[in-house]
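Report on the structure given below.
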Amino acid sequence: MGRKICPRCKCCEMIWVECEVCGGEGVDGHDCGEDCCVCLYPEDNVRCDYCLGAGGHWECLGQCDDDGKHRRKE
């Protein structure tokens, strides 16, 4: 897989950051549809609300502002 370049600034590389809530799995919690769960080995099957099931997000490595321009060092 090649490098992913930031679509905003078009020059910085992006990295994949795992979701801190679900640990990159995309699911967080168990719901079997029963009022009282009797599952012997419940597995997480509820989509993570924080990452919307993606397991994480892409983050730009550069220091870009909201307009996609590099911030100046002060």
Side-chain angles (χ1 to χ4, degrees):
M1 183 172 131
R3 297 180 338 161
K4 183 173 177 79
I5 302 298
C6 178
R8 289 186 337 172
C9 67
K10 298 185 180 30
C11 62
C12 297
E13 187 175 355
M14 297 183 77
I15 59 167
W16 180 256
V17 179
E18 283 188 352
C19 176
E20 55 194 46
V21 174
C22 68
E25 295 294 319
V27 290
D28 181 41
H30 173 76
D31 184 11
C32 60
E34 300 292 326
D35 289 339
C36 183
C37 179
V38 295
C39 297
L40 188 56
Y41 301 107
E43 294 183 21
D44 287 349
N45 62 356
V46 177
R47 183 180 75 159
C48 177
D49 287 337
Y50 190 74
C51 69
L52 302 176
H57 65 277
W58 287 101
E59 189 171 291
C60 180
L61 286 175
Q63 297 293 320
C64 301
D65 60 19
D66 291 337
D67 295 327
K69 297 178 182 163
H70 290 279
R71 294 183 199 149
R72 293 184 182 162
K73 292 183 180 178
E74 297 183 26

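Counting only residues at least two apart or in different chains, ring-ring contact (aromatic ring centres under 6.0 Å, His included) contacts with residues 9-31 comprise W16-W58.
Around the CG atom of D49, the shell of radius 6.0 Å holds no more than 12 heavy atoms that belong to other residues, nucleotides or ligands.
Between C12 and C60, the shortest heavy-atom distance links the atoms CB-SG, 3.4 Å. Heavy atoms only, all atoms of each residue included: M14 and P7 are closest at SD-CD, 3.6 Å. Of all non-hydrogen atoms in V27 and C22, the two that sit nearest each other are O-CB, 3.3 Å.
Hydrophobic clustering (ILVMFWY, side-chain heavy atoms < 4.5 Å, transitive): V17 and L61 are in one cluster.
A donor-acceptor contact shorter than 3.5 Å is absent between the side chain of D28 and the backbone of V46.
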Atom pairs and distances, side-chain donor-acceptor, residues 34-43, under 3.5 Å, sequence neighbours left out:
none

